[in-house]
Structure formats: structure tokens, C-alpha cells
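These values consider heavy atoms only, across backbone and side chains, with no hydrogens, waters or symmetry-generated copies. Lettering of chains follows the sequences in order, A, B, ..., and the numbering in each one begins at 1. All values reported here derive from a predicted model rather than from experimental measurement.
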4 protein chains.
Amino acid sequence: MAASRKNTRLLQFSLDPKSGVPYYKQIILQIEMAIADSRLSTGDQLPTVRSLAVELQINPNTVARAYSELEIRGIVHTQQGTGTFIADKEIQLDEIERERILAEITRGFVTKASSYGFSMEDVISYLQELNR
Amino acid sequence: MAASRKNTRLLQFSLDPKSGVPYYKQIILQIEMAIADSRLSTGDQLPTVRSLAVELQINPNTVARAYSELEIRGIVHTQQGTGTFIADKEIQLDEIERERILAEITRGFVTKASSYGFSMEDVISYLQELNR
Amino acid sequence: MAASRKNTRLLQFSLDPKSGVPYYKQIILQIEMAIADSRLSTGDQLPTVRSLAVELQINPNTVARAYSELEIRGIVHTQQGTGTFIADKEIQLDEIERERILAEITRGFVTKASSYGFSMEDVISYLQELNR
Amino acid sequence: MAASRKNTRLLQFSLDPKSGVPYYKQIILQIEMAIADSRLSTGDQLPTVRSLAVELQINPNTVARAYSELEIRGIVHTQQGTGTFIADKEIQLDEIERERILAEITRGFVTKASSYGFSMEDVISYLQELNR
DNA sequence: GTGGTCTAGACCACG
DNA sequence: GTGGTCTAGACCACC
């Protein structure tokens, strides 16, 4: 069952030097995805800058840059001398507003997908596969 | 079947300034994808540099660079004073590449949706509703 | 007349090394204030990273960091090889929503001010003075 | 007159995690300001470390550090097992310092309001309306 | 020990 | 010439 497996997957970072995607963006992406699929939740602590730098064998500044961008975007919250934590999402929207926002971001996504030749069916199938 | 869908979907460009992918690469990729799934075929004319630049609100040099790189790779053919046309070179974007692109654009959508509190199920339901 | 003087004030950066406020934050602040009082508007180009670094006699990375934070926050838009520009504000809210937002940010401000012992009259006087 | 306002405004702490100012300094400053404008006077008891930590949802060590620094500066006096009390030291925050603080908290508010398209006039009108 | 700031300098990608 | 990325290393502030 997918549900029962959800929190059994550990947070595991990996960098691909050949991808052309900067390290700091790869880190951001992996954290965002972990939040999106509940491997990270509000209040969870991220690895320290230094420990993640050692683990990934990169410069601590590169990790710090990733964390800093996430902080600016309100996705994590860092407290000096303590660490970096997943921020509280303070989402208080009524249903109408929620639907309006969903419609808006979906429209952008569908347009973009179709520019690359993907149909509605393609994206729905893909999302369903992701969700398994 | 790809063949039966031919020309039923229009060529529509869209640029994402926030993706980090340079505009000229986004254009190249969208043209390649259009060729790969038969929305563009040998001999079809591309928009002129100037008109596409106006449409996308970018510098004509950027469009020119995209076309020029496509020409170097033998994918399009430019006729001075006439326009730019799809060459007869076969474009082979394998399934892995296609999926990589779909994954990338889907990621942004999913993380954005999740930042507003929408689950995977929410977005799938909404897309299915749109598609009815 | 205040109005006639508005756009006659030039953008002029200055850093105070003794303030304890990091250079990059001072730069961000000065740009934000310039936008808030219309010395900078949508589409205006900021000084280049290197030129501002020379002008302020600091490391270009420090300027880049300020610009990068502004970009993440959607306040400026940078295009590689071209420069950094004040972003379009795409504000499309109805009146009810606008008032709700104003109420919300004002409430936070008033609470904070009162924690420091400032009364409503104090902040109103101060704002009126700023606006002269 | 300051004297006539004494005790008519309550002591209310608030912390801004995004200000960049460490919590312990925000607490110190708010206490100093409260003494300076007579919301706190010689002999008044401060909240206990533990209760203030709970109220502000921060680590008790952070509150303790603020109180400890105030004690070193002779502004408060701690009696083991009893509590922390305002000492008889005069606090002199000159007008320039007061204005600096007001300027700082106002800045954040003004730039935030402006990012939503509100002008200085808008926010002043709104505050005046609130104050009626 | 934690994150924050800044510098110096190198190399790359974009227009 | 423009900004983007990354490194190495130093010093500081916070808890």
C-alpha cells in the first residue's frame, strides 16, 4: 500500500554533477519534493549545513545557498545556532479562493505542457503514476 | 497513435523565465518536441525570427540563436530572405528524454500546488474534471 | 510641491559599515525603498553587479547576493548577459481582497509598533512625516 | 505627558523571526522601551523566564539570555527563587534611538504595503480610519 | 556546534 | 560585458 510506505522512505540526497543543474538547485528541488510527498513536514530539522556539505562532498557555502533560498521563499525557517527547519505553512484560504488558485496554477501548467507536446491525458497519466 | 494526431495540435510556444533554462534552449526544445511528435514535419516553415520575438516578447537575437543552433545541428534549414524550415533530419527523442521533460515541468506544478495545500489527489481530480 | 520633486531624486547607494546591518541587506533595503517611493519603477535597470561593486567598493558577490535575494522575492528580474531589472508587479486583486490584505499587514505592524511602545498616533505622525 | 499614560498601555511582547534581529535582542529592546516610556517602573516584576518562553514559543534559554544581559547592564535585578524585577536605573533612550526603531519597523510595513500596490496615502488613510 | 557574512578568485553561460 | 556557479577560507553571532 502506498499510504503505509509513505513515511518509511528516508530523506536521501544525491547530486548529479553531469546534469548541468547547479548543486544548490538540486538540493532545493530534493527538499521541495520531500515536502510535497510528506517525507518532510512542518518542524522537521534539515541536516546541518556542514553535515550535508560533508555528505555530498561539496562546499558548505553551496548548501548554505540552497537553504538560504528556501528560507527567502518561506519554505524553511532557520534559527542561528540551532539549525534549519521546515516552516509552518500558514494556509488559511476559503474554498472559493483555493479553487481560484488551483485553476490559475493549473492553467499555467497545462499551457506549458502543451508547448512541449504533452496532452491532458499525458499529464494526468504521469501524475497518477507519480502518485502510486 | 502519433500519426493520427498529426496537425491536430497547434504549435504554441511558451517561455518560463523562472525555470533557469535559457530562453533559447526552451525554444529549441519545444521545436524538437514538436518535430518528434509530428506537430512539425519536414518542409514546414517556422515563425520568422522577428515575429516569434514579438510573440514571446524577447530579443530577436535570442530567437536567432535558437534557430542558428538548430541549423548547426541540421534540424532546420534557413533560406536567406525566405525563412526557416524543418529539415528532413529525423528527431529521436527517446522516451526517457520525453519523461525527463514531463517530470521537470510537472515538478514545478506539484510543488507549487502543495505549497498552497493541494495534494496530489486534489490536482489529479481537478485535471480530470477539466478534461471531461 | 512634493509631487513635482518625486522623480528628480536620483538613485544613490551608500553603505554604513558600522551599522551592523550586512551590506547585502542595506542594498536590498535601499532598492526596496526606491521602489516604494517611485525612484525605481517597473522595467528600470539596476546598476550592473560589477559597477555597483566598484561604486560601493565591495566584492561583486555581495552585490550579486542582494540582487539574487530580490530576484527570489520577485522584486527584480534578471536576464543573463543583459542585466537586472525591476520586475513587473502583477497585482490583480479585487477591492475586497485588497482591503483584507491591507488590514492584515496593518494589524501586524500596529501590534509590533505597540510592543515597542509606539501608539497609533506615533506611527501616523511618523508616516505623515515620511510622506512629506 | 508620559506620566499620565503610565500603566494605561499593557506590556505586550512580539517577536519578528524575519527581522534578522535575534530574539534575545528584540526582548531586551522591548523591555528597555517599556521602561523608557513608563510602562515598566522600578520594582515591577517581569514575566518569569519560563512563562515568557511559553508565551513567545521560544527556548527558555533565549529569554534567560535577554534577562541576563539586562541584569549585567543593571537594568533588572534577579532574586533567586522570586523573579526578575526592574532595577532603579534610569533608561535613557534618546529621541534618535526611538526614531531609529520606529523607522525600522515602519520600513518593513511600507515596503510590504507597496508590494501590494498600496501607496503611502493609502496606508495613512487606513490607519487614520482605524484610529477613529 | 550552529548558521551568517564577506572576500578573492576562477570558470562558465548568455546575449 | 552581463550575470551564474562554486570553491576556499576567514571571522562573527547565536544558543
Qualifying residues under ring pair (Phe, Tyr, Trp, His ring centres under 6.0 Å), relative to B/Phe109, sequence neighbours excluded: A/Phe109
Could you check which residues of residues 58-69 of chain B get a heavy atom under 4.0 Å from DNA chain E? Sort them by number, please. B/Arg65
All heavy atoms of D/Leu15 vs all of D/Gln26, minimum pair found to be CA-OE1, 3.4 Å
Is C/Asp16 salt-bridged to C/Lys18, cutoff N-O under 4.0 Å? no
What's the verdict on side-chain contact (heavy atoms from CB on, under 4.5 Å) for A/Phe13 and A/Ile27, showing C-alpha distance, side-chain angles and the deciding distance? CA-CA 7 Å; A/Phe13 291 92; A/Ile27 294 170; 4.3 Å; yes
By nearest-nucleotide position on DNA chain F, the 5'-leaning member of C/Leu46 and A/Arg50 is C/Leu46
Do D/Glu104 and D/Arg100 meet the salt-bridge criterion of a basic N to acidic O distance under 4.0 Å? yes
Run the salt-bridge test on B/Glu69 and B/Lys25 with the 4.0 Å N-O cut-off and return the result as yes or no. no
Quick one: C/Lys18 NZ to F/dC12 C1', roughly how many Å, whole number? 19 Å
Would you say the side chain of C/Thr84 lies within less than 4.5 Å of the side chain of C/His77, judging by non-hydrogen atoms? no
Considering non-hydrogen atoms only, spot the tightest contact between C/Tyr24 and C/Ala66 and give its length. O-CB, 3.5 Å
Counting only Watson-Crick and G-U wobble pairs with both atom distances below 3.5 Å, the stems of 3 or more consecutive pairs that include DNA chain E are E:1-14 with F:1-14
Of A/Thr82 and C/Thr82, the one whose closest nucleotide on DNA chain F sits nearer the 5' end is C/Thr82
Rounding to 0.5 Å, atoms OG1 (D/Thr111) and CD1 (C/Ile31) come to a distance of 12.5 Å
Can you tell me the distance, in whole Å, between the CG atom of D/Leu15 and the P atom of F/dC14? 14 Å
In whole angstroms, how far is the P atom of F/dC14 from the NE2 atom of A/His77? 15 Å
5' precedence on DNA chain E between A/Gly83 and C/Val21 (nearest-nucleotide basis): A/Gly83
DNA chain E: first to last nucleotide in contact with chain B (atom under 4.0 angstrom from a heavy atom), 5' to 3', is E/dC14 to E/dG15
Base, sugar-phosphate, or nothing: which does D/Tyr23 touch, judged by heavy atoms less than 4.0 Å apart? nothing
Residues 49-60 of chain A side chain polar contacts: donor-acceptor under 3.5 Å, at least two apart:
| residue | atom | partner | partner atom | Å |
| --- | --- | --- | --- | --- |
| A/Ser51 | OG | A/Thr48 | N | 3.2 |
| A/Ser51 | OG | A/Thr48 | O | 3.1 |
| A/Ser51 | OG | A/Thr48 | OG1 | 2.9 |
| A/Asn59 | OD1 | A/Asn61 | N | 2.7 |

In chain order, what residues pass the ring pair (Phe, Tyr, Trp, His ring centres under 6.0 Å) check against C/Tyr116, with sequence neighbours excluded? none
